[in-house]
Amino acid sequence: MSHTIKVNDYDTFHCIADKCSFNCCQEWRIAVDNQTAKNWQGLKLNQMQLEGETLPELSLCKCLEKEEDGQIITLNKEKKCPFLNTQKLCRLVIELGEETLSKTCTTFPRQINQFEDRIEYSLSIACPVVIDLLNENPVQFYHEEEGKSSLLYVVREMMFTLMQDEHYTLTERIMMIFYALLELLEDPKLTVDKINLYTDAKQMKPLITAIRKMKFNLMDSFWERNELFLDVVDNYRKQKLYVAFLEDIATKAEQLETLYSNKELIKKIEIFNQEIKAYERLLTNYLLTEIFANGLMAEMELEDMVVAFEWVTLEYATIKQAIFLKWLTDGKEKLEYYTVRDYMMIVARVTGYDQSDIREYLENSFESAIWDWGYLALVVGNSVL
């Protein structure tokens, strides 16, 4: 029986347009589907005056550039969509109507994953309004006409259960999930009962006891996250994208060893770890949302789910490092919500690759696309968050 699953707030989300703290019409690829590109043939925007500024005449098709898998909108010199006016509103909608928009512009930040037996509806954290919703409400998934579950669906349910278990710290939950995924990957005969064992507290007690006895080196984990951050944002810096968000903190990341002693950094990290505790629920909601939206897609196998979870972990580590660097750069003792939100959004944008690109990145950056458990433990460390 076909059924649907929706993340809460999917139906109530609405774009706040010019009131948004950021804008989804700048500094990234805006895809245009083939049917929209066809519809745009012969269409243009007229020259007009707005707030004392002349908006140019634009032929819609001349604002497109081809890529291997379709076409995207060519951004202007300010790295913004040429259809965006000075009031941060879309000229296409104003002059030609919403039906002129491409599928990307119509649906974002909504994400729809179609499976043989169900359709799943999620929201992308690359939108600041979505993050505001995650900060206000716990993540829930609403089912309609629930049907038979596949084994990979059960694996993801196991991941949800562990991620929401507040008996463990957030980093412990991440380590436990990855340990479970690696063990399941080695099992030639998966069953529902085997998968569900990982949600049994007694079954997981030896693992969590071992994790809590492990001696993690705070600075080894910190420097690894710092290198990951610099690697993730490198291409965007070269393209001069998100300069206002990335350049200062990336420069700070490059200079940390000369600006601070290890003792000074440890003190800063300890203060920061206390500050970021206030956002544990938000970060948990973020991880749940990412696992739901990108942790399982049609035609995925278990190995693909392992790779996807590694990428979520990489995003999480990069978000933490970016927030730390911004907090350190600003020199404020209190960690403000808007700092957390802004860097969750920016990292979501710079890590928003498709599955094949994610695998290629991991294969090029590591010995294998499948990490050792010890490497993931190094990346997340043993902090509360």
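Counting begins at 1 with the first residue of the sequence.
- The two residues Gln355 and Asn294 make their nearest non-hydrogen contact at NE2-O, 4.0 Å.
- Taking hydrophobic clusters as Ile, Leu, Val, Met, Phe, Trp and Tyr residues chained together by side-chain heavy-atom distances below 4.5 Å, Ile131 shares a cluster with Phe22.
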task = Take Tyr279 and Trp327, measure what ring pair (Phe, Tyr, Trp, His ring centres under 6.0 Å) needs, and give me the verdict at the end.
result = CA-CA 14 Å; Tyr279 303 100; Trp327 172 81; over 10 Å; no
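- Between Arg225 and Val379 the shortest heavy-atom distance is NH1-O, 2.9 Å.
- The environment of Tyr179 atom OH is sparse: at most 12 non-hydrogen atoms of other residues, nucleotides or ligands sit within 6.0 angstrom.
- For the side-chain hydrogen bond (donor to acceptor under 3.5 Å, both in side chains) test with Asn226, the passing option among Gln321, Lys252, Glu257 is Gln321; the others fail.
- Leu241 and Leu230 fall within the same hydrophobic cluster, where Ile, Leu, Val, Met, Phe, Trp and Tyr residues are linked whenever their side-chain heavy atoms come under 4.5 Å apart, directly or through other members.
- One finds the CG atom of Asn8 at 6.5 Å from the CG atom of Asn137 (value rounded to the nearest 0.5 Å).
- Exactly one of Tyr361, Phe366, Trp371 qualifies for a ring-ring contact (aromatic ring centres under 6.0 Å, His included) with Trp311. That residue is Tyr361.
- Within a 6.0 Å radius of CD in Glu57, more than 12 heavy atoms belonging to other residues, nucleotides or ligands are found.
- Heavy atoms of other residues, nucleotides or ligands lying less than 6.0 angstrom from NZ of Lys267 number 12 at most.
- Relative to the ring axis of Tyr142, Lys6 does not place its NZ or CZ within 45° and under 6.0 Å from the centre.
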Ring pair (Phe, Tyr, Trp, His ring centres under 6.0 Å) evaluation trace for Phe115 with Tyr153 = CA-CA 11 Å; Phe115 297 82; Tyr153 179 91; 8.5 Å; no
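- A side-chain N or O of Glu315 and one of Tyr286 form a donor-acceptor pair less than 3.5 Å apart.
- Under the 4.0 Å criterion applied to side-chain N and carboxylate O atoms, Asp248 and Lys326 are not assigned as salt-bridge partners.
- Under the 4.5 Å side-chain contact rule for hydrophobic residues, Ile195 and Leu197 do not share a cluster.
- Here the straight-line distance linking atom OG1 of Thr313 with atom CG of Leu376 works out to 4.5 Å at 0.5 Å rounding.
- The heavy-atom pair separating Leu75 from Pro82 by the smallest distance is CA-CD, 4.4 Å.
- Ring geometry for Phe292 versus Phe141: interplanar angle of 30 to 60°, hence tilted.
- The number of heavy atoms from other shown groups lying within 6.0 Å of CD (Glu301) does not exceed 12.
- No more than 12 heavy atoms of other residues, nucleotides or ligands lie within 6.0 Å of CD in Glu98, so this atom counts as exposed by the packing criterion.
- Glu275 has no carboxylate O lying under 4.0 Å from a charged side-chain N of Lys334, or vice versa, which leaves the two without a salt bridge.
- Using modelled atom types and a 3.5 Å distance limit, the side chains of Ser102 and Thr104 yield no donor-acceptor pair.
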key: Candidate pair Ile370 and Val307, rule side-chain contact (heavy atoms from CB on, under 4.5 Å), full reasoning   = CA-CA 6 Å; Ile370 304 298; Val307 169; 3.7 Å; yes
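- Between the side chains of Glu360 and Tyr353, not a single donor N or O lies within less than 3.5 Å of an accepting N or O.
- Between the CG atom in Leu328 and the CG atom in Asp330 there is a gap of 9.0 Å [rounded to 0.5 Å].
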key: ring pair (Phe, Tyr, Trp, His ring centres under 6.0 Å) assessment of Tyr343 paired with Phe229   = CA-CA 12 Å; Tyr343 283 92; Phe229 165 76; 8.3 Å; no
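- Counting only N and O atoms by type, the side chains of Ser124 and Gln111 include no donor and acceptor under 3.5 Å apart.
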task = Walk me through it: do Glu27 and Tyr236 pass the test side chain to side chain donor-acceptor pair (under 3.5 Å)?
result = CA-CA 9 Å; Glu27 299 188 86; Tyr236 286 83; over 6 Å; no
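- Trp223 pairs in a side chain to side chain contact (heavy atoms under 4.5 Å, CB included) with only one of the listed residues (Leu378, Asn262, Leu228), which is Asn262.
- Residue-environment remark: CD (Gln140) exceeds the threshold of 12 foreign heavy atoms within 6.0 Å.
- Contact of the Leu64 side chain with the Ile73 side chain is registered, since non-hydrogen atoms from C-beta on lie closer than 4.5 Å.
- Taking the charged nitrogens against the carboxylate oxygens, Asp165 and Arg173 have no contact shorter than 4.0 Å, which rules out a salt bridge.
- When all heavy atoms of Ile208 and Met176 are compared, the pair lying nearest together is CD1-SD, 3.9 Å.
- Taking all atoms of both residues into account, the shortest heavy-atom contact from Ile30 to Cys81 is CD1-CB, 4.0 Å.
- Few gaps surround NZ on Lys88; more than 12 heavy atoms of other groups in view lie less than 6.0 Å from it.
- Ile211 and Glu172 make their closest contact through CG2-CG, 4.3 Å (heavy atoms, listed as atom of the first residue, atom of the second, distance).
- Cluster annotation: Phe160 and Tyr10 are assigned to the same hydrophobic cluster (Ile/Leu/Val/Met/Phe/Trp/Tyr, side-chain heavy-atom contacts under 4.5 Å, transitive).
- Side-chain contact annotation: Asp193 with Thr191, donor-acceptor N/O pair under 3.5 Å absent.
- The pair Arg359-Glu303 meets the salt-bridge criterion, with a side-chain N (NZ, NE, NH1 or NH2) lying under 4.0 Å from an Asp/Glu carboxylate O.
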